[in-house]
Engineer: 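Just passing along the structure, written as structure tokens.
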4 protein chains.
Amino acid sequence: MTVRVAVAGASGYAGGELLRLLSSHPAVGIGALTAHSSAGRPLGTVQPQLPEFADRILLDTSAASLRGHDVVFLALPHGQSGALAAELEPGTLVVDCGADFRLRDAAAWERFYGSAHAGTWPYGLPELPGARAELKGATRIAVPGCYPTAVTLALFPAYAAHLVEPEAVIVAASGTSGAGRALKTHLLGTEVMGSMSPYGVGGGHRHTPEIAQNLSRTAGADVTVSFTPTLAPMPRGILATCSARLSPAAEALAEDDVRAVFEAAYADRPFVRLLPPGQWPTTAAVLGSNTAQVQIAVDPHARRLICVSAIDNLTKGTAGGAVQSMNIALGLPERLGLPMNGVAP
Amino acid sequence: MTVRVAVAGASGYAGGELLRLLSSHPAVGIGALTAHSSAGRPLGTVQPQLPEFADRILLDTSAASLRGHDVVFLALPHGQSGALAAELEPGTLVVDCGADFRLRDAAAWERFYGSAHAGTWPYGLPELPGARAELKGATRIAVPGCYPTAVTLALFPAYAAHLVEPEAVIVAASGTSGAGRALKTHLLGTEVMGSMSPYGVGGGHRHTPEIAQNLSRTAGADVTVSFTPTLAPMPRGILATCSARLSPAAEALAEDDVRAVFEAAYADRPFVRLLPPGQWPTTAAVLGSNTAQVQIAVDPHARRLICVSAIDNLTKGTAGGAVQSMNIALGLPERLGLPMNGVAP
Amino acid sequence: MTVRVAVAGASGYAGGELLRLLSSHPAVGIGALTAHSSAGRPLGTVQPQLPEFADRILLDTSAASLRGHDVVFLALPHGQSGALAAELEPGTLVVDCGADFRLRDAAAWERFYGSAHAGTWPYGLPELPGARAELKGATRIAVPGCYPTAVTLALFPAYAAHLVEPEAVIVAASGTSGAGRALKTHLLGTEVMGSMSPYGVGGGHRHTPEIAQNLSRTAGADVTVSFTPTLAPMPRGILATCSARLSPAAEALAEDDVRAVFEAAYADRPFVRLLPPGQWPTTAAVLGSNTAQVQIAVDPHARRLICVSAIDNLTKGTAGGAVQSMNIALGLPERLGLPMNGVAP
Amino acid sequence: MTVRVAVAGASGYAGGELLRLLSSHPAVGIGALTAHSSAGRPLGTVQPQLPEFADRILLDTSAASLRGHDVVFLALPHGQSGALAAELEPGTLVVDCGADFRLRDAAAWERFYGSAHAGTWPYGLPELPGARAELKGATRIAVPGCYPTAVTLALFPAYAAHLVEPEAVIVAASGTSGAGRALKTHLLGTEVMGSMSPYGVGGGHRHTPEIAQNLSRTAGADVTVSFTPTLAPMPRGILATCSARLSPAAEALAEDDVRAVFEAAYADRPFVRLLPPGQWPTTAAVLGSNTAQVQIAVDPHARRLICVSAIDNLTKGTAGGAVQSMNIALGLPERLGLPMNGVAP
């Protein structure tokens, strides 16, 4: 069986990573590759790391280009996915790496994105309790944001088991590819190298409601999220440091008991790796892989549980997560074509 | 007037930065430079960035080498400063960049450092309320740790004005020079570049009690600190993201009122710069300078105040703070010889 | 068919990269993994990027550990390979990533390595004219050095076609992983980041005679090499800038004719990619891939041909080249299990 | 005496570095700061590293803004300096950091820049033989390009003493700030970090004729230059690796004799530091300083002299060189206000 796949937005960072992963996926054949301003150019001029597709000419991003495929990945700016998907054949699996269909709360969407809510699609984070059942056979998938992926994987066991109180404090560092290929002065190498800086402080980042949605669904109660993203001098990777007050019941637990909760929660999640005690996540170790490294610690003095995760924002945080969800939707083995090992050092 | 200055530990990162600053300090003459394993070698072989002192031979670190100076800076591993200082002339100003004399609580010292408490010296963070009076004329100064400097400058106005509750959550990213010149695999460039990772998670970092001490003294009440340091792929710089629950009184304040509290607190602190609204600290902007950049935000949804600061860990975080304290102790202008402008981009 | 493979030196950078590649090689099964000082530890503690092998216990590096495999990769310090290989079964394919068996000239070996010459094995650079025939069926292979790989791929077409005079000037920049995991102060992240520096200047680098050997064999005449390696602030990658005076015959050629010579030379080398005119190699584009990017230019004023190549020093420059040679030796497809696409950005 | 200074182009990287240096120059008072698209904004929004000038409003770049100063520094795109300088008072010292007045050969200018040659001003590289006499009392100064500064300082002693043949091969690595603040995709941090790449290969870089001019004037004969610049993953710094065939006379010299030639040539050049034997330049060691580190080696096998230099492209390579030339022109001590020590690590 060969699944015929198209990628819309193949000239961007997420599109390039999708192609890298799909090129070694044994069940996939690559069809149309589309772009906006780079349409008409060979892919090799914008994605020099992909010699296998160097001579492929980028088509324009349109339904005409994208029809006739089994799966269409959308790696587009938000706001475009709904109309495009509506023009494709009904049975096509559309996997949207953008934000349009992630949120369930229309008011939250409108507050953070400033436009009308397009709807909600099955959420492509297979590790969340219940998610796989929803993804199996789906024809529409909303791939999670990169920060929500890192944070949710780190914290969902704690909220599922009610180990912590419903106020999470999260500080995450992201490599610059998370900002995409947009030309902005503060993203120039000259300004970025040697520099850490925060942005979207005070609750303004658009991933905040998505994180809150995931944690609240898991907890079965409203979880308030304080989320501060920071830009780190590296091309890829997210390190999410997440903490919350221990619940009264959890304060009585030994750290090993807390640990056992996480081990159980991750038991059949092959892409989440709870590190052995004493070892901490590094973004370098997950570069190019679909693995999330997680480690936890209980701070008895501050009475908080600290959960730290590391992912590659373009792989598990975007393209790898998208392929993993595709696998589940199509009934393929969840791990098919996805690297677990990172490119390090 | 020329103050004759010696530097013990001149072969390390803090020692090198002290020499860079002191070389352009108009009231200072450089005397003995000492080292441990590099004793006998010319400074140029270990500090190639300091051609002005390239031919100076490093002496061994001993009282015999260090006697006869007006000021002696100690940039040594902890545990050595007390005995060395006791052998110097009584009137010598000893400025210790190490940890030995920072903590007031002997039990906290013993818990975090595993040795007997040496005592407490005047604390060289001149921006803390009351600190300058204590430093003026002092002959012993304990220079703060780099993380406590960044965190305390960001948070002390909030605790002084009781804007927040006494549970602070801090995630800070540090450049690798904070770990010193020790040879450890995880500090190799190959492992560090492109990588973020946490360490000392769960309250174990030795700067935790020092941060708590500073905030508690400012608040006049016990402040609990959850502190997670992370290692960032850059040589220098600390970005500290600090937050706490707004106090009930503060929840009623407009963000401008909160801002006014910080402006007032920093009014006569020339090295602390509260950035204009909308601008956020970057470690790049403070490289090589004694400036701390600070910005704040109120998150009304999470009901937290987020305070972010950026410093150069070797300048304001160590050597610059040490020189600033020396200036005050000797009655010199606080800013003398200290750069406010950073080396950027 | 499954080839049973052992890796000696699995705790180092080359060993880790071998395991990453071999883990997705469809014809390979991973057997013994050995190390020196890390023997007895689980691989996950030293190679956290390889969760698939995290629980494998590292054996000691000895013939006893390595016997019973079809292929043994040696990623060891030079001087150890010969004795170890001699103790393995005669039919075992031994692929040595070290230097011991690369040079044909015993005098050159002794001058650059200061020890007795161990011998010469078939040279694992399949792109060199005649190399594949020598590798097919071989049971001993000497994997080239990383710099010689980058330089030879860039220059061999020019020497094979006598386009240039026999004096090559080469300046190459390498990522720090080329120096291995040794603990040296100048390899600390703090010292490396933001810094470029040369080393082994004046002909002293041990890869110099290997480069000269490759170019001389191709030219059929002695080629003199001026080689200056530099250390660049990146974990991986080599950029080799190679040039030589145009031969009188070549001066008369149009640049397109020169280009045609390179196109012909690379025609059946799937891992060498001559970029389209106007596009230049970047080390980022080949990260984690077995591809070498090459571009050339004629400088009519200086009368020189400049050939620039980019490789990943750990992949095409070491582990990927080793696997490629193994494929040929065993009669497998040359590209089997080897990524052509890089991990970028 | 206070020299009143204006900076045109204060919003760019060179302009920012000029301000950093001038802010601690004891004989300078800062007057007008001008910009193009940032005119009307406070400097702090574009140069956050300069809190001392944060509230200064940027004027538009025009003669009206710049008149009435003793010295005007121009840090502008090429093509603008001549007309602007003509409108200033005749006695004003105009120091142009741009390229317009560097070349003596109008034909070379036209070939490389594609516009009419504006003329030639005294060349602000005080270390070149005869340069100081020309700069003393000058009212117009052309500051050298950053690459020509690094290369000329490394090679001029060899050409002045006829140690090498008139064909120089140069490969230089530059930090990204050399490309300015222009928004280009290949300068994004995401693309730059972890990557080395060449550009302007084959003699096309505009600094090529300037390098040839400097070396030819020194040699008293035409020197042909093969120059390949590369972009390195660091914000600042140039490492220039320069070599040429030894002349027949020089081949007979011992390396110590060659070294003595360089020592003599650098004798009264306080900003050029020939490192002790065995120590090699690093760009990290000169960060933020006006120092050029140089080291040399003779390769007896390749019969070449290799000269390597490291500078900070924005300091000695632009703004520091400009201030140094200003000092000489005005009769101030050459070193006044210029740091010799670098900011490292």
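Sequence lines set the chain letters: A, B, ... in the order given, protein chains first and strands last, and positions in each chain run from 1.
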Engineer: Using heavy-atom distances under 4.5 Å, tell me whether L314(C) contacts chain A through its side chain, its backbone, both, or neither.
Structural biologist: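 Contact with chain A: side chain only.
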Engineer: Applying a heavy-atom distance below 4.5 Å, give me the residues of residues 172-184 of chain C that approach chain A, sorted by number.
Structural biologist: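 Residues S177(C) are the ones that qualify, each having a heavy atom under 4.5 Å from chain A.
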Engineer: Taking 4.5 Å as the heavy-atom cut-off, does anything in residues 333-345 of chain C contact chain A, and if so which residues?
Structural biologist: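 The residues closer than 4.5 Å to chain A, in numerical order, are R335(C), M340(C), N341(C), G342(C), V343(C), A344(C), P345(C).
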Engineer: P51(A) versus chain C, heavy atoms under 4.5 Å apart: side chain, backbone, both or neither?
Structural biologist: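 Interface part for P51(A): both.
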Engineer: Among residues 28-48 of chain A, which ones touch chain C with a heavy-atom distance under 4.5 Å?
Structural biologist: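 Residues G44(A), T45(A), P48(A) are the ones that qualify, each having a heavy atom under 4.5 Å from chain C.
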Engineer: Taking heavy atoms only and a threshold strictly under 4.5 Å, list by residue number the residues of residues 280-290 of chain C that touch chain A; give 'none' if the list is empty.
Structural biologist: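 Against chain A, the residues of residues 280-290 of chain C that fall inside the cut-off (heavy atoms, under 4.5 Å) are A285(C), L287(C), G288(C).
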Engineer: Can you tell me which portion of T291(A) sits under 4.5 Å from chain C's heavy atoms? Options are side chain, backbone, both or neither.
Structural biologist: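 Contact with chain C involves the side chain of T291(A) alone.
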Engineer: For the candidates R20(C), E17(C), M193(C), which exhibits the highest count of non-hydrogen atom pairs separated by less than 4.5 Å from chain A?
Structural biologist: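 Between R20(C), E17(C), M193(C), the count favours R20(C).
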Engineer: So which part of E52(A) gets closer than 4.5 Å to some heavy atom of chain C, the side chain, the backbone, both or neither?
Structural biologist: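 For E52(A), heavy atoms of backbone and side chain both lie under 4.5 Å from chain C.
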